[in-house]
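One structure is given below, encoded as C-alpha cells.
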Amino acid sequence: MKYVSTRGSAPILSFEQVLLAGLARDGGLYVPESWPKFTRAEIRALRGLPYADVAFRVMQPFVGGIAEPEFRAMVERTYAAFGHASIAPMKQLDRNVFLTELFHGPTLAFKDYALQLVGRLFDHMLAKKGERVTIIGATSGDTGSAAIEALKDRERVEVFIFHPYQRVSEVQRRQMTTVESANVHNIALQGTFDDCQDMVKLLFADEGLRARYNFSAVNSINWARIMAQIVYYFTSALALGAPDRRIAFAVPTGNFGNVFSGYCALRMGLPIERFVVATNANDILARFLESGRMETGAVVPTLSPSMDIQVSSNFERLLFEHYRRNGTSVAKAMEKFRRTGSIDFGRARWQAMRKLFTGYRLGDNATKDTIARVWRETGELIDPHTAIGVAAAREAELDADVAVIAMATAHPAKFPQAVEEATGVRPELPPRLARLLTKPERCTVLANDPKAVKDFLDARLAARQAA
Ligand SMILES: *Cc1c(COP(=O)(O)O)cnc(C)c1O
C-alpha cells in the first residue's frame, strides 16, 4: 500500500515511511492510496476470532515492508499486555445501546490501542534503518501518558513530554512521572498547555537541533494510529451480528481521529448506518454538521479535557474523500480556513456528510446527569468522555432496529472527581495500577524559556549518549 497526502503535492510514501513522517511536506495528512475491501463473507469469517487475529487481518492490507509473521507477532505481543482478555469488551446499557470499553490498555484510555502498536512499529523501523529518534510531544493529559507507556524502554527512542505544570490531574501526571525508564523525560513547563505546544513547535523549527537529535512525533495525525483504531469497529460490530445487523456508532470526539477510523472500517466494507460525532462545549464539528459552516471558537475547559479541541485535524482526511481525492482543492479550502477561521465546503458536500455523520453536543451538567443515570440504571460507572458518547447514542434518532455502540474512551478512575460528584461513588483504579498513587515521581520543572529547555535537552541527551 502507498500513501498520498490530502493536499496532493507531497511525495507518495510507503507504509514504513509514513510511520515516521508525521505531517506531509505540503502540510497535508497521509491517507492510503486506495481502500482495501472486505466482502461480506470475509467479514463474517472474522466473527469469533480473538482480537489480535482480527487486528492482524484488518491491518495487514495497509502494512508493507514488514514480513507477515513478524507483523503478526508484533500485533499479538501488543494486545497480550492488555488488562482484559477480550481487549475491547462490550456491555449492553439498554435495549439498543451498547458500550465498547476501550480502556483496558496500560494508561486506561483508548489511545493505548494504537500507540502500543505504534511503539513496536517504531522500534522495528528504526532497527532496520539503524537510526535513533527523539520524540517530542506536548500533552494536556492522556496523549502524553499513552505515548510514554508505548515508548518506554524502546531501544532507539528518547521521549520528551511537556505538560503544563500543576495543570493536569494527579492520575494523569503520575501516569507519566512514575515511569522508571531511562529514555523517558518528563518536563513540567511553567505555563499552559498552549505554551507546551508552542515550545514543541519552536523545538521542531530549530533545524540544527532537529537534525542533530532526529526529532519525530507520535501525534494523532499519524496514519498508523488511525489504522490500529479501525480494528475495534470491526470487533464491536461483529459481536452484535454485523454485517447482518444494522449498526451505528457514537464516538466522543476531539481531533476526529477515532471516528475517522470508524469511517475507514466502513470504506473497507463494514456496513455502518451512521456515526454520531459527540462533542462537549467545544462543538465545532457539531455546529458544522448542523449549519454547513465550519467556524473556530475559543477553547473552553470542560469535564472531558481530552475533547477540548477546536480544530479537529483529522477532519481533513474526510474532506479529502468528499473532494473526490483532489488534493489541490483540499489545500485551497484548508488555506482559506486557516486564514479566516471559517469555511463553507459547499452544500452538496455538507449534505453528503450529513447522510453519514450527525453532530451532538453535551454540556458539563448534562454530562454529570448522564453519568448518574447510567449508574442508576445499570450499575456501571462511566467517565465524562464516555458519558457524552452514551448520551449521543441514546438520543440518536435512528430506526428501532439499529444497535448503537458508544465508544468508552477512558476508564472512570481516570476522572474520579467528576464521577464521584455525579454518583457519590469514587471509581477505583484497576488493581494493576494500584501502586500508581504511591510510586516515586520523576519530572523536571522548567521555566517557559526556550534557552532553559534547549539546555535541558542537550544535557539529557548527552548523558544518555554517554551511558
Ligand atoms: C483523545 C481522546 C478523545 C478524542 O479522540 P479523537 O481521536 O481526538 O477524536 C476522546 N476521549 C478520550 C478519553 C481521549 O483520550
Side-chain angles (χ1 to χ4, degrees), residues 29 88 99-116 118 137-150 163 168-169 171-172 175-176 193 218-230 232-233 249-265 275-286 288-289 299 302-318 357 359-362 367 371 381-392 406-416 418-419 427:
L29 280 67
L99 204 60
T100 296
E101 292 181 353
L102 299 175
F103 50 68
H104 296 284
T107 72
L108 311 180
F110 87 94
K111 292 183 176 73
D112 290 329
Y113 287 70
L115 277 167
Q116 285 292 310
V118 168
T139 187
S140 55
D142 281 353
T143 312
S145 54
I148 286 172
E149 276 296 331
H163 71 262
V168 298
S169 79
V171 172
Q172 287 180 322
Q175 281 187 319
M176 298 190 277
F193 170 57
V218 286
N219 46 25
S220 82
I221 53 141
N222 191 302
W223 165 256
R225 286 183 60 179
I226 302 288
M227 172 188 81
Q229 292 166 186
I230 300 172
Y232 49 69
Y233 286 89
F249 286 96
V251 189
T253 301
N255 240 328
F256 205 74
N258 198 0
V259 66
F260 186 76
S261 294
Y263 174 81
C264 298
F275 294 100
V276 189
V277 179
T279 70
N280 60 26
N282 299 289
D283 59 348
I284 180 170
L285 290 168
F288 164 70
L289 287 163
V299 176
T302 69
L303 293 177
S304 42
S306 300
M307 294 155 64
D308 291 348
I309 284 171
Q310 277 291 354
V311 178
S312 303
S313 31
N314 279 295
F315 189 75
E316 182 167 337
R317 289 185 155 118
L318 181 68
F357 296 94
Y360 182 81
R361 170 194 188 282
L362 198 70
T367 301
I371 297 173
L381 291 176
I382 57 173
D383 102 289
H385 303 79
T386 303
I388 295 173
V390 169
M407 292 306 197
T409 51
H411 191 285
K414 241 187 142 157
F415 301 92
V419 177

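When a ligand or atom number is given, it counts from 1 through the structure's own listing order. Numbering of residues begins at 1 and proceeds along the displayed sequence.
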- For the pair Phe357 and Phe275, name the ring-plane relationship: parallel under 30°, tilted 30 to 60°, perpendicular over 60°.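 Judged by the thresholds at 30° and 60°, the geometry between Phe357 and Phe275 is parallel.
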- Query: Could you state the interatomic distance from OG1 (Thr107) to CE (Met176), rounded to the nearest 0.5 Å?
  - Reply: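 Here the rounded value is 10.5 Å.
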- Could you state the interatomic distance from CG (Asn255) to CD1 (Ile226), rounded to the nearest 0.5 Å?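 Those atoms lie 8.5 Å apart.
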- Query: Which bit of Asn255 gets closer than 4.0 Å to ligand 1, counting heavy atoms only: side chain, backbone, both or neither?
  - Reply: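 Both backbone and side chain.
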Nearest neighbour in protein (non-hydrogen) for [atom]:
| atom | value |
| --- | --- |
| atom 14 (C) of ligand 1 | Lys111 NZ, 2.8 Å |
| atom 12 (C) of ligand 1 | Thr409 OG1, 3.5 Å |
| atom 7 (O) of ligand 1 | Asn258 N, 2.9 Å |
| atom 9 (O) of ligand 1 | Gly254 N, 2.8 Å |

- Message: If we count only N and O atoms by modelled type, under 3.5 Å, do the side chains of Tyr232 and Asn258 hold a donor and an acceptor together?
- Response: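 Note: Tyr232 and Asn258 side chains meet the donor-acceptor criterion.
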- Distance only, no hydrogens: is a donor on one side chain within 3.5 Å (strictly under) of an acceptor on the other, for Arg317 and Asn314?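 Yes, side-chain donor-acceptor contact under 3.5 Å.
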Using a strict 4.0 Å cut-off to heavy atoms of [X], name the atoms of ligand 1 that fall inside it.
| X | value |
| --- | --- |
| Ala410 | 13 (C) |
| Met307 | 10 (C) |
| Asp142 | 13 (C), 14 (C), 15 (O) |
| Gly257 | 6 (P), 7 (O), 9 (O) |
| Thr253 | 9 (O) |

- Task: Check for a donor-acceptor pair, side chain of Asn280 on one end and backbone N or O of Ser304 on the other, with a separation under 3.5 Å.
- Result: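 Looks like yes, one N/O pair under 3.5 Å.
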- Message: Could you tell me if the side chain of Thr409 sits less than 4.5 Å from the side chain of Met307, heavy atoms only?
- Response: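 No. Closest side-chain heavy atoms not under 4.5 Å.
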- With a 4.5 Å heavy-atom cut-off, do Arg225 and Lys111 have their side chains touching?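 Yes. Closest side-chain heavy atoms under 4.5 Å.
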- Message: With a cutoff of 4.0 Å, is Phe110 in contact with ligand 1, counting heavy atoms of the residue only?
- Response: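 Flag set, Phe110 near ligand 1.
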